[in-house]
Amino acid sequence: MTDALQPRFRRLLVTGGAGFIGSCFVRDLLARRDGSRVSVLDKLTYAGNRANLAPVEADPEQASRFRFVVGDIADPAVVAPLVAESDAVVNFAAESHVDRSILDPEAFLRTDVLGVHVLLEACRAERERVRAGDRAAAPRFLQVSTDEVYGSVATGASREDDRLEPRSPYSSAKAAGELLVHSYFVTYGLDAVVTRGSNTYGPYHHPEKLIPLFITNAMDDQPLPLYGDGLQRRDWLYVADHAGAIGHVLEHGVAGETYNVSGGNERTNREVVTALLARLGKPWSLVRTVEDRPGHDRRYAMDGSKLSALGWTNTMTFEEGLAATVDWFRDNQNWWRAIKSGEWDDYYRRQYGARLAGSREAT
Ligand code: NAD
Ligand code: TDX
């Protein structure tokens, strides 16, 4: 994550570090054994899982540089002291699932907008402490945003200065969050950067999302609910590449700038499902055509040249990444079976009950 032996930031606050991408960032960072220390602040919502950090906690050297705090980024009393002792804040914390944002938008506004505001206010207070001579440098703030803020892109590839046209409660909340970050750079001079990552996949991916849902359902010979015609297009990015790119922007990004993190692997959903079924040796007959997601974005695609110019290159092809992901889910059934229980059953019924009842065989 850093090219030098000495990391630029020695004390990191990673919010949402028990989720899918945040936990990968923490595992990879601590595995570098470069002396840096990480505090994770995570509310442990349905999506947060301490088991995602088990490799860190099982390694005495890494565990000695790691601390876990259960708490809400929208709670200033929890956030302020943690930011006060950090050189950098990397904000992964979010409600992250589009379908849940359509069912219940409110939590998205609270975490993805108000939570970001609380983090920014804490960073602003640290700038004041620098002015008062109480600390040497204010923390750098990195906001993890998403390609979804551009909205559906019919042709070409979104560039960082394109208009934002978010179309779901999730992507609107994420857009609001990153606009706030930019306003704190402009207005208060905060050292802030933003990354916009594309559709990420890999180990520890919550099974509510397309790839892990379909892998785990197929392993149990359960139906795979494909929305609409399945010809929507996404650009897939392997999780370790996404986490690595975020680390690279944290180290090298220019304050006030935004960087697309593209995957370079555009596929239709049908192509993705075909590939994962082939790896699993399961038949296409499991796939069911179900009612579409309302306001479903047809295509995301981003131009990644700005991040390439900053010196970042992804390492994983989609074929390698998908094979590694399918194998990980096959080898870690305890991890996902524990998630697919309890709250999961209610969610699954709400999201898919009527859809599957009205489904037809996918051609
Ligand atoms: P995730 O849902 O797996 O994890 C989110 C984490 O945030 C969980 O650990 C959860 O407990 C925590 N959290 C939620 N609300 C919180 C709060 N109020 N306070 C503290 N912690 C809270 O999400 P992910 O897929 O790892 O995504 C991480 C970030 O990356 C998000 O900001 C998301 O918008 C962004 N992103 C995701 C993708 C993707 O494809 N998954 C792509 C681009 C950007
Ligand atoms: O059951 C499903 N059936 C289906 O056809 C699910 C869960 C999804 N889909 C389709 C919808 C999308 O076209 O698959 C595609 C991918 O869906 P998701 O995995 O829900 O991802 P998406 O909506 O594209 O958003 C993801 O990428 C950007 C992440 O969830 C976001 O957090 C990130 O910002």
Side-chain angles (χ1 to χ4, degrees), residues 14-25 40-50 52-53 69-75 78-79 90-102 107-108 110-112 114-116 118-119 143-149 152 166 168 170-171 173-174 177-178 195-202 204-214 217 223-237 239 242-243 246 260-261 263 267-270 272-273 287-293 296-300 302 348 351-352 355-356 362:
V14 180
T15 53
F20 167 48
I21 308 171
S23 68
C24 179
F25 179 85
V40 164
L41 171 63
D42 197 294
K43 191 177 169 185
L44 293 180
T45 67
Y46 78 90
N49 189 348
R50 269 194 94 144
N52 297 0
L53 294 162
V69 180
V70 180
D72 188 340
I73 60 163
D75 181 349
V78 175
V79 164
V90 186
N91 181 34
F92 292 92
E95 291 291 337
S96 70
H97 192 34
V98 174
D99 290 325
R100 290 189 195 250
S101 84
I102 294 167
F108 288 74
R110 180 171 163 78
T111 293
D112 301 10
L114 298 179
V116 174
V118 169
L119 292 171
Q143 170 69 4
V144 179
S145 191
T146 170
D147 58 357
E148 303 206 10
V149 298
S152 196
S168 73
Y170 164 68
S171 53
K174 291 296 292 185
E178 66 159 89
T195 57
R196 294 187 185 134
S198 64
N199 273 67
T200 306
Y201 71 101
Y204 300 95
H205 201 184
H206 193 283
E208 69 191 354
K209 307 284 171 37
L210 174 77
I211 288 181
L213 179 70
F214 279 29
N217 278 12
L224 312 185
L226 188 65
Y227 295 158
D229 63 9
L231 294 175
Q232 304 83 6
R233 306 180 79 88
R234 298 290 184 266
D235 171 20
W236 293 97
L237 171 65
V239 63
H242 192 168
I246 288 167
N260 290 343
V261 186
R267 300 280 190 287
T268 65
N269 291 342
R270 278 175 177 270
V272 170
V273 176
V287 181
R288 306 290 302 177
T289 293
V290 301
E291 183 192 332
D292 209 347
R293 171 185 282 175
H296 198 167
D297 288 337
R298 195 74 181 156
R299 175 174 179 265
Y300 302 133
M302 290 190 298
Y348 203 78
Q351 180 61 23
Y352 297 106
R355 277 193 167 86
L356 283 169

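Both ligands and their constituent atoms are indexed starting at 1 by order of listing.
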>> Between Tyr300 and Glu148, does the side chain to side chain donor-acceptor pair (under 3.5 Å) criterion hold? Intermediate values first, please.
In response: CA-CA 7 Å; Tyr300 302 133; Glu148 303 206 10; 3.1 Å; yes

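- Between Asp99 and ligand 2, a contact under 3.5 Å exists for no N or O pair.
- When each atom of ligand 2 is checked for a heavy atom of Leu226 under 4.0 Å away, the hits are 5 (O).
- At least one heavy atom of Glu208 sits less than 4.0 Å from an atom of ligand 2.
- For ligand 2, the atoms closer than 4.0 angstrom to any heavy atom of Thr146 are 28 (C), 33 (C), 34 (O).
- When only modelled atom types and interatomic distance are considered, Asn217 and Tyr348 share a side-chain donor-acceptor pair under 3.5 Å.
- The backbone N or O of Ile21 sits nowhere less than 3.5 Å from a side-chain atom of Ser23 that would complete a donor-acceptor pair.
- Evaluation of the side-chain hydrogen bond (donor to acceptor under 3.5 Å, both in side chains) rule for Ser152 yields no partner, not counting sequence neighbours.
- The line from CZ of Arg267 to CZ of Arg234 is 14.5 Å long, rounded to the nearest 0.5 Å.
- Of the N or O atoms in Asp147, none lie within a sub-3.5 Å distance of an N or O in ligand 2.
- With a 4.0 Å cut-off on non-hydrogen atoms, Val98 touches ligand 2 through its side chain and not its backbone.
- Residue Leu213 has at least one heavy-atom neighbour below 4.0 Å for each of these atoms of ligand 2: 1 (O).
- Ion pair Asp147/Arg299 not flagged as a salt bridge, since none of the NZ, NE, NH1 or NH2 atoms sits closer than 4.0 Å to an Asp/Glu carboxylate oxygen.
- A donor-acceptor contact shorter than 3.5 Å is absent between the side chain of Asp235 and the backbone of Ser198.
- Using a 4.0 Å cut-off between a side-chain N of Lys or Arg and a carboxylate O of Asp or Glu, Lys174 and Asp112 do not qualify as a salt bridge.
- For the pair Thr200 (side chain) and Trp236 (backbone), a donor-acceptor distance under 3.5 Å is absent.
- Looking at atom 25 (O) of ligand 2, its nearest protein heavy atom turns out to be Glu148 OE2, 2.5 Å.
- Close contacts between ligand 2 and His97 involve ligand atoms 20 (O) [criterion: under 4.0 Å to a heavy atom].
- Using a 4.0 Å heavy-atom criterion, the residues that approach ligand 1 are Gly16, Ala18, Gly19, Phe20, Ile21, Asp42, Lys43, Leu44, Thr45, Ala47, Gly48, Gly71, Asp72, Ile73, Phe92, Ala93, Ala94, Ser96, Thr111, Val144, Ser145, Thr146, Tyr170, Lys174, Gly197, Ser198, Asn199, Thr200, His242.
- Near Tyr352, meaning under 4.0 Å from any of its heavy atoms, are these atoms of ligand 2: 1 (O), 2 (C), 6 (C), 7 (C).
- Checked against a 3.5 angstrom limit, the closest N/O atoms of Asp297 and ligand 2 fall outside it.
- Relative ring orientation between Tyr352 and Tyr227 is described as parallel, the plane-to-plane angle staying below 30° on a 0-90° scale split at 30° and 60°.
- Less than 6.0 angstrom separates the ring centroid of His205 from the ring centroid of Phe20.
- For atom 8 (C) of ligand 2, the closest non-hydrogen atom of the protein is Tyr227 CE1, 3.7 Å.
- In summary, the atoms of ligand 2 found under 4.0 Å from a heavy atom of Gln232, numbered by their order in the structure, are 13 (O).
- At least one N/O-N/O distance between Leu210 and ligand 2 falls below 3.5 Å.
- By the criterion of a heavy-atom distance under 4.0 Å, neither the backbone nor the side chain of Thr200 is placed next to ligand 2.
- Considering backbone and side-chain N/O of Trp236, none are found under 3.5 Å from N/O of ligand 2.
- The shortest N or O to N or O distance between Arg293 and ligand 2 is under 3.5 Å.
- Considering Arg293, Gln351, His296 as possible partners of Ile102, the one that fulfils the side-chain contact (heavy atoms from CB on, under 4.5 Å) test is Arg293.
- Contact check for Tyr201 versus Lys209: no side-chain heavy atoms found under the 4.5 Å cut-off.
- For ligand 2, the polar-atom distance check against Pro225 finds a nitrogen or oxygen pair separated by under 3.5 Å.
- Less than 4.0 angstrom separates some heavy atom of Tyr170 from each of these atoms of ligand 2: 31 (C), 32 (O), 33 (C), 34 (O).
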